[in-house]
Participant: 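This structure is in structure tokens; I'll ask about it shortly.
Ligands are counted one by one from 1 in listed order, and the atoms in each one are counted from 1 as well. Just so it is clear, the values below take in all heavy atoms, side chains as well, and ignore hydrogens, waters and symmetry mates.
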Amino acid sequence: MNSQIIVIFGASGDLTKRKLMPSLYWLYKHNRLNASFALLGIGRTPYTDETYREFIEKQLPLFAAPTELDAISVSNFLQHIFYYSMDPADKEAYAELKARLKMLDQQISNPGNYLYYLATPPSLYGVIPKYLQNVGLNIEIGEQTRRIIVEKPFGYHLSSAQELNYIYNSVFREDQIYRIDHFLGKETVQNILALRFANGIFEPLWNRNYIDHVEVTAVENLGIEERGGFYDKSGALRDMVQNHLIQLVALTAMEPPALFNADSFRNEVVKVYQALKPLTNEQIKSQVIRGQYTTAHSEAHIIKGYREEKNVDPLSRTETFVATKLYIDNWRWGGVPFFIRTGKQMPTKVTEIIIHFKPTPHSLFKGMAGNSSLNSMIIRIQPNEGIVLKFGLKVPGSNFEIKQVSMDFTYDRLGGSPVGDAYAKLLEDCMLGESTLFTRSDAVEASWKYFDPILALWENDPCMPLYGYPAGTWGPLEADNIMGTDYAWTNPCKNLTNTDLYCEL
Ligand SMILES: NC(=O)C1=CN([C@@H]2O[C@H](COP(=O)(O)OP(=O)(O)OC[C@H]3O[C@@H](n4cnc5c(N)ncnc54)[C@H](OP(=O)(O)O)[C@@H]3O)[C@@H](O)[C@H]2O)C=CC1
Ligand SMILES: O=C1O[C@H](COP(=O)(O)O)[C@@H](O)[C@H](O)[C@H]1O
């Protein structure tokens, strides 16, 4: 790992304290950072190096596991942290920033390698690269590296994503730009690739001939917490579907890349997005269901409805739930529905992909329901990462009655070296110049191209329905309608524990 300075814009914010700092600390603790790395926090808040270190020190115990923290390594880690107070929206401030970076280079013997991390509100994503360019902070001289990580959402719709791509591509080369989607840093998400492409037994079945339908679920049992101001302008489609969920679809559906490198992998991802079958307005009405959580009363407590949350418009029509059916128009997937859903304030937090295989052509045994399949594969991404394969077996002693049983694998049985948070993986990859798990410009645009008409219809047609669902439920009943009579959502049980990979309802 090269020596480098990580420059975080938005260093006083929620993402920095909850995700970036604990991940960097984890990398530090596991000797994965260069001994002379430095972190320069940037923000308008008038911290000094010392007061910023105190701020970070207070946050760390809240987010890193107590067993991972020890006083000596925390205090050593903090010595690598510096702060520079400036408004990232102030063009004039960048010359001073450059001078501050030069000083820091000398202090830690860094040859001018900088990694910029944009953890500010998205309104600054287009501004910061231009101002860096104004003072030459984008230019690599000799062996230097200058990279930039941009948080999601990358754009608000297709045209703003295109505008941002235009700005980024005129300031940096594509291989210097890292559009982050933290789902790709999750170990089990990467394991989808291993499952599919390191094994000969699944791939022959992985197509329209054997797969009946696919479900992708990423739901949470929390509301929007302190992020009302951001979320009310975003909504579930922008926050989760256009990026995280569609990435999961891409990994499930992509063709095997010829090589395991950034370009081969990302070429295949883009092809999936390009093959998404566009929806007509009529189909958007019937196949894209949006919902918003409403107040729920239980014996023990009241859960606030979305419109009562802090910084949310009391008449808001922002969706906190989306369920939809999509098709991938290519030879492998033609006619196979992919059902995807996400929501806040659902009964549990779970992210999983379920591959439902086609039933046998004829039911020979008792207990095998007509045309429903006994075969499915559950790829659980969180909370308890693992894979379950379901199939039918004879009930002992019975008269050939068939029952569905499970063969399961939990990820923690695999051992291996310690694994950090998804952000640790992605930060480390970026520092190493490895961009496979970051989103390329054409992929962002191809994804927006599919989702743009949905957002446009929701925004422009006041008659488009927004369904309420009581907090703590599986979303509006209308979400069941998109499944039709042939399919049903698979809801994992409410109280998943780390020992149940899967439990029956
Ligand atoms: N928080 C999360 O869990 C996740 C966040 N993200 C994305 O990461 C980015 C950062 O998120 P988060 O940390 O929650 O955001 P915050 O709202 O906490 O903002 C981060 C920092 O940006 C600075 N800032 C805020 N407004 C302005 C402004 N108008 N001009 C200049 N600086 C400003 C503030 O620092 P100061 O006042 O010191 O300048 C603030 O602390 C967002 O784009 C978000 O979408 C993505 C995934 C998850
Ligand atoms: O990017 C986001 O993801 C989180 C969910 O991520 P997870 O890793 O905790 O599953 C979501 O809560 C947030 O709204 C969204 O911005």
Participant: Measuring from atom 8 (O) of ligand 2, which candidate in Glu151, Lys186, Gln382 has the nearest non-hydrogen atom?
Facilitator: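 Of the listed residues, Lys186 has the closest heavy atom.
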Participant: Drop me the distance from Leu193's CG to Met254's CE, to the nearest 0.5 angstrom.
Facilitator: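 Those atoms lie 6.0 Å apart.
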Participant: Ignoring hydrogens, just give me the one of Gly13, Gly43, Pro121 whose non-hydrogen atom is nearest atom 22 (O) of ligand 1.
Facilitator: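 Selected option, by shortest heavy-atom distance: Pro121.
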Participant: Let me know which of Trp448, Tyr168, Phe438 forms a ring pair (Phe, Tyr, Trp, His ring centres under 6.0 Å) with Phe154.
Facilitator: Tyr168
Participant: Looking at non-hydrogen atoms alone, which of Asp14, Leu20, Asn243 comes nearest to atom 1 (N) of ligand 1?
Facilitator: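 Closest candidate by heavy-atom distance is Asp14.
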Participant: Using a 4.0 Å heavy-atom cut-off, which part of Leu124 comes near ligand 1: side chain, backbone, both, or neither?
Facilitator: side chain
Participant: Check Lys19 against ligand 1 and report side chain, backbone, both or neither, counting heavy atoms closer than 4.0 Å.
Facilitator: neither
Participant: Given that the side chain starts at C-beta and the backbone is N, CA, C, O, which of these parts of Phe183 lies under 4.0 Å from ligand 2, counting heavy atoms, or is it both or neither?
Facilitator: side chain
Participant: Please work out whether any backbone atom (N, CA, C, O) or any side-chain heavy atom from C-beta onward of Tyr231 is under 4.0 Å from ligand 1, and answer side chain, backbone, both or neither.
Facilitator: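 Neither; nothing of Tyr231 gets under 4.0 Å from ligand 1.
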Participant: Would Arg341 pass as a cation-pi partner of Phe321, given that its NZ or CZ must be under 6.0 Å from the six-membered ring centre and within 45 degrees of the axis?
Facilitator: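 Ring-cation test returns no.
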Participant: Heavy atoms only, cut-off 4.0 Å: how does Phe230 contact ligand 1, side chain, backbone, both, or neither?
Facilitator: side chain
Participant: Does the distance from a Lys or Arg side-chain N to an Asp or Glu carboxylate O, for Asp239 and Lys152, drop under 4.0 Å?
Facilitator: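 A salt bridge links Asp239 with Lys152.
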Participant: Examine the proximity of ligand 1 to Glu151 and report which part, side chain or backbone, both or neither, has a heavy atom under 4.0 Å away.
Facilitator: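 Under 4.0 Å from ligand 1, Glu151 contributes side-chain atoms alone.
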Participant: Measuring from Lys19:NZ to Asp14:CG, what's the distance to the nearest 0.5 Å?
Facilitator: 9.5 Å
Participant: Is a side-chain donor-acceptor pair under 3.5 Å present for Thr320 with Gln345?
Facilitator: no
Participant: Of the choices Arg238, Glu220, Arg227, which has the non-hydrogen atom that lies closest to atom 13 (C) of ligand 2?
Facilitator: Arg227
